[in-house]
Amino acid sequence: MPTPVAGPVQCDQLHVMGLATGSTPLELYKLISESDLDFSQASSVNLDEYVGLKPTDPQSYHYFMQEHLFDAKPFKESFFPDGTNPDAGAVTREYDRILARHPIDLQVLGIGRNGHIGFNEPGTTFDSHTHRVALTPSTIDANARFFDQPEQVPRYAYTMGIASIMAAKRVILLAFGKEKAAAIRASLLGPVTPDVPAWVLQRHPNVTVVLDVAAASQF
Ligand SMILES: N[C@@H]1[C@@H](O)[C@H](O)[C@@H](COP(=O)(O)O)O[C@@H]1O
């Protein structure tokens with residue numbers, strides 16, 4: 001019988017984790033929080049952040065990550081695009097520099113109902129790096145459930161680009177629920193089109209897709 005290893009488990013292969021927000025990765029973050037995994041020597045980079053929200057704002061993605069993962073599993077360092085800085089050029093250049101210094105070993109991804117990844121909305125070019133986006137009505141509507149009033153949903157966000165996501169060594173795409181089924185089918189089986197940003201993952205050499213039955217219901 002192998003002797004159980006006591007104490008925290010270092011993830012030797014994971015120096016940099018790319019992290020996503022939204023309801024989809026919540027269960028994953030809960031499992032990690034309750035595990036013996038130790039990320040204190042690893043870095044994290046988040047996909048995106050709303051423009052105009054401070055890290056202390058409960059609706060910010062920074063706050064979300066603190067609450068759902070970092071309080072239980074602190075990383076050595078965690079990065080987000082600076083949502084408080086309205087100078088998009090400065091924010092995106094700085095985040096691209098951070099990403100260049102922190103190549104992602106494993107990127108966690110959810111997917112929007114319209115096939116967006118991060119906040120790369122339909123039509124985003126596959127060679128895009130960090131940029132500022134105007135959120136589509138569909139995304140504003142989908143994310144309104146996290147806000148008291150729909151008009152509180154920020155209209156802009158900073159997001160890693162599609163090329164930034166594709167540079168990750170490995171990707172794990174999670175999708176749960178029937179409202180994701182059409183986007184999943186179009187992404188995994190559909191023809192190439194920037195209208196479904198997640199389609200680009202068909203070109204990535206190392207993607208794991210985790211679906212529940214409802215999200216897989218259109219295969
Ligand atoms: N920027 C995030 C995405 O990274 C996330 O994948 C998507 C889906 O969210 P949910 O998992 O709540 O359906 O929401 C937001 O738009």
Side-chain angles (χ1 to χ4, degrees), residues 17-32 44-53 55 57-65 67-69 78-83 91-92 95 99 104 106-124 128 130-147 150 152-166 168 171-188 196-201 204 207-212 214-217:
M17 282 275 278
L19 298 173
T21 51
S23 52
T24 303
L26 280 176
E27 186 63 25
L28 173 66
Y29 294 156
K30 182 164 177 282
L31 289 170
I32 293 174
S44 71
V45 287
N46 255 80
L47 279 170
D48 44 20
E49 180 57 284
Y50 288 118
V51 175
L53 299 191
D57 189 312
Q59 308 298 349
S60 74
Y61 282 169
H62 202 125
Y63 191 98
F64 174 101
M65 292 306 305
E67 182 178 22
H68 294 291
L69 186 62
S78 293
F79 299 100
F80 295 77
D82 181 2
V91 174
T92 57
Y95 209 58
L99 294 174
I104 298 169
L106 175 64
Q107 175 66 56
V108 177
L109 280 186
I111 186 170
R113 293 181 207 163
N114 60 5
H116 74 242
I117 46 176
F119 268 134
N120 292 284
E121 296 282 27
T124 309
S128 55
T130 307
H131 57 287
R132 177 180 183 266
V133 284
L135 302 178
T136 62
S138 144
T139 300
I140 291 169
D141 177 52
N143 289 355
R145 68 190 191 280
F146 297 112
F147 292 79
Q152 292 173 340
V153 184
R155 270 31 184 180
Y156 294 92
Y158 295 124
T159 184
M160 268 190 213
I162 291 182
S164 330
I165 292 169
M166 289 293 280
V171 173
I172 179 165
L173 172 66
L174 309 173
F176 309 128
K178 67 177 182 334
E179 66 279 7
K180 302 293 174 70
I184 284 294
R185 183 185 166 83
S187 303
L188 302 185
V196 183
W199 180 92
V200 76
L201 297 172
H204 194 286
V207 180
T208 303
V209 180
V210 180
L211 307 175
D212 66 2
S217 60

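Just so it is clear, the model here is predicted, and its values are computed rather than measured. Just follow the structure's listing: the first ligand is 1, and inside any ligand the first atom is 1. Note that the numbering runs from 1 along the sequence shown for the chain.
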For [Y], does its backbone N or O pair with a side-chain atom of [X] as donor and acceptor, under 3.5 Å?
| X | Y | answer |
| --- | --- | --- |
| Glu49 | His62 | yes |
| His204 | Ala168 | yes |
| Ser60 | Pro55 | yes |
| Asn120 | Met160 | yes |

Looking at [X] and [Y], what are the two nearest heavy atoms and their distance?
| X | Y | answer |
| --- | --- | --- |
| Ala181 | Ser217 | CB-OG, 3.6 Å |
| Ser164 | Leu99 | CB-CD1, 4.0 Å |
| Phe64 | Tyr29 | CE2-CE1, 4.3 Å |
| Gly118 | His116 | O-CD2, 3.1 Å |
| Thr159 | Phe119 | OG1-N, 3.0 Å |

Could you tell me, atom by atom, which parts of ligand 1 come under 4.0 Å of a heavy atom of [X]?
| X | answer |
| --- | --- |
| Arg145 | 10 (P), 12 (O), 13 (O) |
| Phe119 | 1 (N), 15 (C), 16 (O) |
| Gly110 | 6 (O) |
| Tyr61 | 1 (N), 2 (C), 15 (C) |
| Asn143 | 14 (O), 15 (C), 16 (O) |

Just to be sure I'm reading this right: ignoring hydrogens, which of Glu121, Arg113, Lys180 gets closest to atom 13 (O) of ligand 1? Compare them by their nearest heavy atoms.
Lys180

Nearest heavy atom to atom 4 (O) of ligand 1: which of Gly22, Gly118, Ala157 does it belong to?
Gly118

Is any N or O atom of Asp48, backbone or side chain, closer than 3.5 Å to an N or O atom of ligand 1?
yes

Between His116 and ligand 1, is there a nitrogen or oxygen pair with a distance under 3.5 Å?
yes

Heavy-atom nearest neighbour in the protein, as seen from atom 5 (C) of ligand 1, with distance rounded to 0.1 Å
Thr21 O, 4.0 Å

Write out the residue and atom name of the closest protein heavy atom to atom 11 (O) of ligand 1, then the distance separating them to 0.1 Å.
Thr24 OG1, 2.4 Å

Check each heavy atom of Ile111 against ligand 1 and say whether those closer than 4.0 Å belong to the side chain, the backbone, both or neither.
backbone

Please verify whether a non-hydrogen atom of Phe176 lies at under 4.0 Å from ligand 1.
no

